[in-house]
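Owing to the predicted nature of the structure, the values given are computational and were not obtained by experimental measurement.
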Amino acid sequence: MVDVPRHGKVVVDIAYGGAFYAFVSARQLGLDVRSARTRDLVDTASAVTAAVKAQFKITHPESEDLAFLYGTILTDGKDAYDEEPTTNICVFADEQVDRSPTGSGVTARIALQYHKGLVGLNQPRAFKSSATGSVFTGSAVREAKCGDFKAVIVEVSGQAHYTGTASFTVEDDDPLKDGFLLK
């Protein structure tokens, strides 16, 4: 339970899938993740992220560097298995919105659904981005351990497109071609 300014007490799940995310049904916050204005979703998700960061200490069993909340994923609340996609929006870092359902977010959400008994092993689930409509599929493929915690290995698939390319050139006579260290 997290006390979110302007929203009151909200039930939030926190799960890890390469990064920690807070998951909350947008309905708890008076929004529909499929039809609300993106700015309203971003502002609300950011308020949840700030509240979780202020009220909970997140730890990772193997790496202190990973022990932080990366963002909040607002969902349509449809966490039980269904053949129809469940919709979410991922707001991370400095109020950035992912164009996809988010690979690490889908991984964390599948792990959470598996932990709650809402999906089984090798039971694929589709996730749709409310921002762009893109769809990823994920499934828990086997049980595992992370530190002392029960975990699952998750596979995620989707379609990606190039958004740019870069070319780097290093000249032989560049005295810093091997890099440098700032102290």
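Counting non-hydrogen atoms of neighbouring residues, nucleotides and ligands closer than 6.0 angstrom, the NE2 atom of H115 reaches no more than 12 such neighbours.
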Compile the donor-acceptor pairs under 3.5 Å between side chains in residues 164-183 and protein atoms, sequence neighbours left out, one pair per line.
{"residue": "D174", "atom": "OD1", "partner": "L176", "partner atom": "N", "Å": "2.8"}
{"residue": "K177", "atom": "NZ", "partner": "D172", "partner atom": "O", "Å": "3.0"}

Donor-acceptor pairs are to be reported for all side-chain atoms of residues 135-163 against protein atoms at under 3.5 Å, with residues two or more places apart or in another chain.
{"residue": "E143", "atom": "OE2", "partner": "Y114", "partner atom": "OH", "Å": "2.4"}
{"residue": "K145", "atom": "NZ", "partner": "D148", "partner atom": "O", "Å": "3.4"}

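No donor-acceptor pair under 3.5 Å is formed between the side chain of T102 and the backbone N or O of S104. Side-chain atoms of R125 do not come within 3.5 Å of backbone N or O of V106 as any donor-acceptor pair. At distances below 3.5 Å, at least one donor-acceptor pair connects side-chain atoms of T132 with backbone N or O atoms of R99. For Q55 (side chain) and D3 (main-chain N/O), a donor-acceptor pair under 3.5 Å exists by modelled atom type. No donor-acceptor pair under 3.5 Å is formed between the side chain of Q113 and the backbone N or O of I110.
Contact of the P101 side chain with the C90 side chain is not registered, since no non-hydrogen atoms from C-beta on lie closer than 4.5 Å. Between V97 and I89 the shortest side-chain heavy-atom distance falls below 4.5 Å. With contacts defined as side-chain heavy-atom distances shorter than 4.5 Å, the pair L29/V24 qualifies. Counting heavy atoms from C-beta on, the side chains of D76 and R34 come closer than 4.5 Å.
Contact between V33 and T87 at its shortest, heavy atoms only, is CG1-O, 3.7 Å. Minimum heavy-atom separation, A15 to L112: CB-CB, 4.1 Å. Here the closest non-hydrogen pair linking A22 and V12 is CB-CG1, 3.6 Å. When every heavy atom of K78 is checked against every heavy atom of T86, the shortest pair comes out as O-OG1, 3.2 Å. Closest heavy-atom contact between L41 and S130: CD1-OG, 4.3 Å. Closest heavy-atom contact between F56 and M1: CZ-O, 3.5 Å.
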What do the steps show when you test V2 against V48 for side chain to side chain contact (heavy atoms under 4.5 Å, CB included), and what is the final call?
-> CA-CA 8 Å; V2 177; V48 170; 5.8 Å; no
Determine, step by step, whether E64 and L66 satisfy the side chain to side chain contact (heavy atoms under 4.5 Å, CB included) criterion, reporting the C-alpha distance in whole Å, the side-chain angles of both residues, the deciding distance to 0.1 Å, and the verdict.
CA-CA 5 Å; E64 190 173 315; L66 299 173; over 6 Å; no
> Step by step, would you call S129 with S100 a side chain to side chain contact (heavy atoms under 4.5 Å, CB included)?
Replying inline: CA-CA 5 Å; S129 166; S100 73; 5.5 Å; no
Report task. Kindly indicate, with the supporting measurements, whether the criterion salt bridge (Lys or Arg N to Asp or Glu O under 4.0 Å) is fulfilled by R109 and D79. Result -> CA-CA 9 Å; R109 197 163 173 210; D79 289 324; 2.8 Å; yes
Next item on the list: Please lay out, stage by stage, how T44 and L31 fare under the test side chain to side chain contact (heavy atoms under 4.5 Å, CB included).
Entry: CA-CA 9 Å; T44 302; L31 296 169; 3.4 Å; yes
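Every residue meeting the ring-ring contact (aromatic ring centres under 6.0 Å, His included) condition with H60, not counting sequence neighbours, appears here in chain and number order: Y16.
Each of F23, Y21, F20 was scored for a side chain to side chain contact (heavy atoms under 4.5 Å, CB included) with I14, with one residue passing: F20.
For the pair E95 and R39, the salt-bridge criterion is met [side-chain N within less than 4.0 Å of a carboxylate O].
Taking the six-membered ring wherever Trp is involved, the centroid distance between the rings of Y70 and F92 falls below 6.0 Å.
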